[in-house]
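Below is one structure, written out as structure tokens, with a few remarks after it.
Side chains are part of it too, since the values below use all heavy atoms of this structure and drop only hydrogens, waters and symmetry mates. Residue numbers start from 1 in every chain, and the chains themselves are labelled A, B, ... in the order their sequence lines are given, proteins ahead of strands.
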Protein chains: 2
Amino acid sequence: MEAARNEARFNNAKYDAAWAIRFRPEPEAARTRPGAHHVRYAARHLVIDEGDAARAVYEVLDGGVILFKLLPDGRRQIIELLGVGDVFGLAVGPVADVAAEALTPVRLAVFEPAAVDADPALRDRLFARLRAQMCALHDHALLLGRKSAQERVATYLMRLVPGRGGLACIGAAPGNAEVRIELRMSRQEIADYLGLTIETVSRTFSALRRANLISYRKQDEVVVPNLCRLCRLTGAH
Amino acid sequence: MEAARNEARFNNAKYDAAWAIRFRPEPEAARTRPGAHHVRYAARHLVIDEGDAARAVYEVLDGGVILFKLLPDGRRQIIELLGVGDVFGLAVGPVADVAAEALTPVRLAVFEPAAVDADPALRDRLFARLRAQMCALHDHALLLGRKSAQERVATYLMRLVPGRGGLACIGAAPGNAEVRIELRMSRQEIADYLGLTIETVSRTFSALRRANLISYRKQDEVVVPNLCRLCRLTGAH
DNA sequence: CGCGGACTTGATCTGTCTCAAGTGCCGTGG
DNA sequence: CCACGGCACTTGAGACAGATCAAGTCCGCG
């Protein structure tokens with residue numbers, strides 16, 4: 001069967017998977033970007049619409065942003081979930097290929113095309129960041145193409161745990177104490193991000209809760225009593 | 001319902017979708033890259049394995065390459081399908097985040113990390129290319145998250161039609177004459193790329209053939225008699 | 001000619017979607 | 001202070017697209 005095909009090639013150490021997303025900057029982080037101006041938007045503000053002229057490149061300084069695409073019949077896919085440090089607005093042609101919406105109140109640095117053209121150091125920074133986002137997108141493609149609903153939700157939750165990026169989940173990492181996660185996304189947004197329906201997301205959260213893998217009162221404030229146990233459900237281990 | 005939610009926001013002109021993938025260089029294209037050495041690999045050669053030390057950055061000069069990830073139980077997702085001009089090997093950390101395998105016999109330019117560090121112009125070229133691939137990946141996330149099997153296969157076929165990238169499919173483009181496509185991928189590879197099983201891919205090809213949307217004798221040499229009719233099945237119109 | 005691998009096709013199963021009620025919570029106004 | 005509405009979420013029942021399991025069929029090659 002398909003599953004057996006590549007089993008031999010698998011090596012556990014390879015699966016370092018998702019990078020954490022942060023919606024708050026580190027306290028010591030620089031809060032301005034030379035050569036850019038800065039803007040604030042309320043949650044839900046549409047920063048870029050798909051098909052807009054590509055006017056600028058943005059970096060998230062504080063808060064969260066979602067990039068999404070729509071199909072004519074209204075199906076929506078949230079393509080990237082961006083936190084502090086992530087960049088967007090880097091289409092190829094003169095037109096934005098995805099829409100960008102503030103997930104939370106955000107502070108953004110706005111780089112004009114002229115500024116980008118004039119500043120090789122800035123380009124290098126954007127380049128480096130894009131590489132990181134590319135890797136996250138690779139992981140997300142694996143999730144969308146091959147993971148079950150439960151694996152998707154578990155993976156999603158793990159991505160929101162700061163300090164658990166990269167190799168953190170290989171073996172028992174220190175700090176298995178309970179972790180609190182603020183989702184900042186509605187069930188519908190989570191569904192559109194994970195390629196599921198809102199009902200399936202809701203059912204999966206309920207099932208995880210029933211299994212004591214997570215708990216919550218407000219539905220976007222999740223407590224994970226044991227990260228490793230949740231991580232085992234991501235499919236990556 | 002979910003579908004109706006965003007209908008109002010939809011605007012047909014936005015959906016320029018996929019970029020074409022070419023497995024053969026343009027005849028007039030430069031065939032070497034200064035500052036890089038060049039290598040050839042046979043089809044199926046594993047260029048990079050997931051978890052390898054990130055040794056170099058590669059550009060495809062001729063042929064096709066697939067980037068893929070595996071899950072421990074053997075599930076495979078082909079993350080990117082690369083043709084001439086595309087680049088890979090740009091992970092974030094010191095370790096490759098995806099495996100890369102030659103899909104056809106390939107010629108690659110190999111850029112050592114030192115060469116990349118030393119050459120801002122090269123970085124800019126890689127950056128520009130990465131932006132293009134990012135857009136393709138955005139489109140692919142939409143496919144994996146939200147499209148039906150038939151839409152996936154139709155989208156896949158359209159991506160392999162040269163000159164049909166970008167805005168080409170908006171309205172009736174000229175050149176509706178029949179087009180010949182060489183897939184260069186097995187049914188299993190197509191399945192792993194589209195997040196389906198081999199049986200579903202096979203059935204979908206058969207269904208498209210029965211509907212006279214495509215025809216083929218060898219199963220990887222597809223003829224599309226009317227591109228626009230196929231394009232209408234991609235879900236993007 | 002006969003073998004093997006890749007593909008196709010059929011029958012059945014199942015995870016997720018769809019459709020349809022709930023339920024809970026919060027804010028508003030009486 | 002409480003009734004009311006609205007919205008987001010949850011839950012249930014049933015449908016269905018695609019997965020799984022199991023034969024075939026086709027074709028290239030020795």
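Relative to the ring axis of A/Y193, A/R184 does not place its NZ or CZ within 45° and under 6.0 Å from the centre. A/R152 forms no cation-pi arrangement with A/F205, by the criterion of a distance under 6.0 Å to the ring centre and an angle within 45° of the ring axis.
Per the geometry, CG belonging to A/D73 stands 10 Å off P belonging to C/dT18, to the nearest Å. When the C1' atom of D/dC9 is taken as reference, atom CG of A/L196 falls 16 Å away, rounded to whole Å. For A/Q188 and D/dC7, the CD to C1' distance is 13 Å, given to the nearest whole Å. Rounded to a whole Å, the CZ atom of A/R187 is 14 Å from the C1' atom of D/dC7. Here D/dC26 presents its C1' atom at 17 Å from CZ of B/F205, a figure rounded to the nearest Å. Atom CD of A/Q219 is separated from atom P of C/dT23 by 18 Å (rounded to the nearest Å). The CE-C1' distance, from B/M185 to C/dC7, rounds to 16 Å in whole Å. Between the CD1 atom of B/I198 and the P atom of C/dA6 there is a distance of 8 Å, given to the nearest Å.
Taking 3.5 Å as the limit, the base of D/dC9 and the side chain of A/E199 contain no donor-acceptor pair of atoms between them.
Between the side chains of B/E80 and B/H140, no donor-acceptor pair is found at a separation under 3.5 Å.
Put simply, A/Y216 has a side-chain N or O that comes within less than 4.0 Å of OP1 or OP2 on D/dT10. Here A/T200 reaches the OP1 or OP2 of C/dC17: one of its side-chain N or O atoms lies under 4.0 Å away.
Heavy atoms of B/S206 sit under 4.0 angstrom from primed sugar atoms or phosphate atoms, though from no base atom.
Where B/R203 and A/A149 meet DNA chain C, the nucleotide closest to each residue was compared, and B/R203 sits on the side nearer the 5' end.
Tested against B/D192 for a side chain to side chain donor-acceptor pair (under 3.5 Å), the candidates B/R187, B/Q77, B/R76 yield a single pass: B/R76.
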